[in-house]
Protein chains: 2
Amino acid sequence: MSSADTADAAATGATEPTADTASTGRRARARRRTWIDLKAAALEEVREVGPAGLALRSVARRLGMSPAGLYRYVDSRDGLLTALIADGFHDLADHLEFALGAGGEVATDRERPAPEVPMRAGADADVAERLRAVGLAYRSWSVAHPNEFGLLFGDPIPGYAAPADGPTVEAMTRMGAALARPLLEAAAVGRLRGDRVLSDPSVAGPPGAMDPLLAPGIDPAVGPLLLLAWGRLHGQVSLEVFGHPHWLFPDGCEALFRADLERTLHDLGLVTP
Amino acid sequence: MSSADTADAAATGATEPTADTASTGRRARARRRTWIDLKAAALEEVREVGPAGLALRSVARRLGMSPAGLYRYVDSRDGLLTALIADGFHDLADHLEFALGAGGEVATDRERPAPEVPMRAGADADVAERLRAVGLAYRSWSVAHPNEFGLLFGDPIPGYAAPADGPTVEAMTRMGAALARPLLEAAAVGRLRGDRVLSDPSVAGPPGAMDPLLAPGIDPAVGPLLLLAWGRLHGQVSLEVFGHPHWLFPDGCEALFRADLERTLHDLGLVTP
DNA sequence: TTGCGTTGCGAACAGCGTTCGCGCAGGGTG
DNA sequence: CACCCTGCGCGAACGCTGTTCGCAACGCAA
C-alpha cells in the first residue's frame, strides 16, 4: 500500500499517513512528529536561503537523516515546497484572522481546524477599522517573513500548477476569505460603494465566480472591489519586500502603505469624507 | 589581462570586451556576436522554464558550445542572470518610452544609447493620457513576458545584492524615470496634487533622495506619489502575472487594471472630477 | 512467535555549476 | 613572411544536487 499511498499524495506533494492506518499508534505519532520536524527544518532553510535555495540534502542533514529517508515523507522537492506554501498561507491567514479580532492565540502547530471567524454585521464604523487592521497585518507579516512572502507570491514553481482542490488553494482561499471579510461585512450592511472606483460596471466578473471561495450568494460586484483592494495592498508590500523601493525610499514604506490604505478606504466609501 | 578583466566584470556579472582591446577588430566583432547570441539563448531559456530553471549547460547546448566555454563570457550563473535582468529592465523601459510617444521603433538589439525622451511641459490635459499610456504599457509588457517579469520583480537571487552603480540599477533607473515622467511633468505645471492621497505630509521622504534617479531638484513630494502610483500598477500586474486571481477572476484583469488606473489618475488630481 | 508493512539507509545515476590546463587559431609586430 | 602572444574553446574533473533502488531493521497485529 505504500506505493499507492505515495501516488495518492503526489497531488498534495506530501505523503500523509493513510487513513486506514491507525492514527493513534506509537508509530503514527512518531511519523507525524518527524513530518512536523521536517517541515520546520525546511522552513528554517527557506527563511535562510530563500525558496530557490532550498536543498533536500541540507534539510536531511539538519534532521540527521539520510537524503533518501526524506522520500518516505515527501515525493519530490517541489512537493515539499508545495506543503510549505500551504503552511505559509495558513500562517498568513492566522495572522489576518487574529488581526480581525478572532481573539485567542495563534496556533503554532499546523494542525488547525480553521477557527471560523464570526461575521460581524453591526457596528458600521467598525468595518473601516477592521479593514485597516487586516491590511496592516498583511504588510507586517510580509515584511517580517520576506522569504516566505517570496514563497507564496514570488515566481511560481516552474511547470507546476496547484490542483484546484489541493491544500495549497484551500489555504490560500482561507487567507483570501480573511482579507475579504471586512468588505463582505460592509457590503452586507450596504456601506460598500463601488461607483467611485468602478465607473464602468462592466468590470463585474461573471456572477458567482467567487462564490466557492467566500460565501455563496455574495454580491458579484464585491469581487472586483476585493481584487482591487488586494492589489493595492499587495503592490506596496511586494515592492517593499523585494527591496525595489528600499534603496530609493528608505524609511517611508509603512507611512506610504498607511496612506494608500486610507485612500482605499475612502475610495470604497468606508470612511466619511 | 583576461583574469583582471573577469575580476572587473565580476561586479557587473558579465565579461564585456575590455576597452583597450580594439573594439573594431574582427575578433571583437565575433565576441560581441556570440555574447549577444548567448544572452538571446539564455533569454529564450528563461522564457521557457523561468528564471529558477535556467541552466548554463542547457544554454551551452543551445549554442553548440561546451559548458566551460561559456565562462569566457560569463563569470557565473548569477552573473548571467544579472545581465538578463539589466536587459529586461532596458526592454521594459523601451516599451514605456515608446508608449510615452518617443516615436520611432523600439531598438531590438541591446546596444542602446538611451534615447532621452524629451520632457513635455505644455498640453495639460495630455499628461493624464500619458500616464494612462505608460501604465497600460507596464501591464501589457508584463503579461506578455511573464517569466521576464518574474526575473525582474520576483524573488531576488539569494545572497545577491546589485551594486548601486551596476548596469542593473542603471537600467531599472531608466525604467523608473519613464514611469515617473508623466508625474514629473504634471508636477512641473502644478497639476499634481498630493493632498488627496497623502493627508499626512510626514510621508515625504528625505529631500533629494530620489534626485539621482530622476532629475535634480524635483519636488520631494512627488517621490511618495510616484511610489504610490507604481505600487498600485504593480500590485494588479503582479497578482495577474503570477496567476493568483486568474483562477478566481478569469477575464476582468485588464478592465480592473484600467479602473484602478483611472482612479489613481483621479486621486492624483490629473482628471477633472 | 510469525509475518507483514513501514522506516531508514547506503550506493548509485544523471544532471548541475564551476575550475583547471591544454591546444589551436587569429592578429599585431619584427 | 615568420614570430609570439593573446584570447577562445574544449575535455576532464570535483563537489554538489534530486532521485531511485534494494536491503536491513523495526513496530505492530495475528
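Below, all heavy atoms of this structure are taken into account, side chains as well, without hydrogens, waters or symmetry copies. Order of the sequence lines fixes the chain letters, A, B, ..., with proteins taken first and strands second; residue numbering starts at 1 for each chain.
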Distance check: side-chain N/O of [X] vs OP1/OP2 of [N], anything under 4.0 Å?
| X | N | answer |
| --- | --- | --- |
| B:Tyr73 | D:dG9 | yes |
| A:Arg31 | C:dT7 | yes |
| A:Arg27 | C:dG8 | no |

>> Side chain of A:Leu56, heavy atoms from C-beta onward: which of C:dT19, D:dT19, C:dG8 has the nearest atom to it?
In response: D:dT19
> Any idea which of C:dG8, C:dT19, D:dG9 is nearest the A:Met65 side chain?
Replying inline: C:dG8
>> If you go through the side-chain atoms of A:Arg77, does one of them form a donor-acceptor pair with the base of D:dG18 closer than 3.5 Å?
In response: no
> Hey, does the side-chain of A:Arg57 have a donor or acceptor N/O within less than 3.5 Å of a partner on the base of D:dG18?
Replying inline: yes
> Can a donor-acceptor pair be found between the side chains of B:Tyr138 and B:His234 at a distance below 3.5 Å?
Replying inline: yes
> Rounded to the Å, how far apart are B:Arg61 CZ and C:dC16 C1'?
Replying inline: 10 Å
>> Classify B:Leu63 by what it touches in the nucleic acid, base, sugar-phosphate, or nothing, heavy-atom distance under 4.0 Å.
In response: nothing
> B:Ala55 near the nucleic acid: base, sugar-phosphate alone, or nothing, with a heavy-atom cut-off under 4.0 Å?
Replying inline: sugar-phosphate
> B:Tyr73 ring centre to B:Arg31 NZ or CZ under 6.0 Å, with the angle to the axis within 45°?
Replying inline: yes
> Could you give the distance from CG (A:Leu43) to CD1 (A:Ile36), rounded to the nearest 0.5 Å?
Replying inline: 13.0 Å
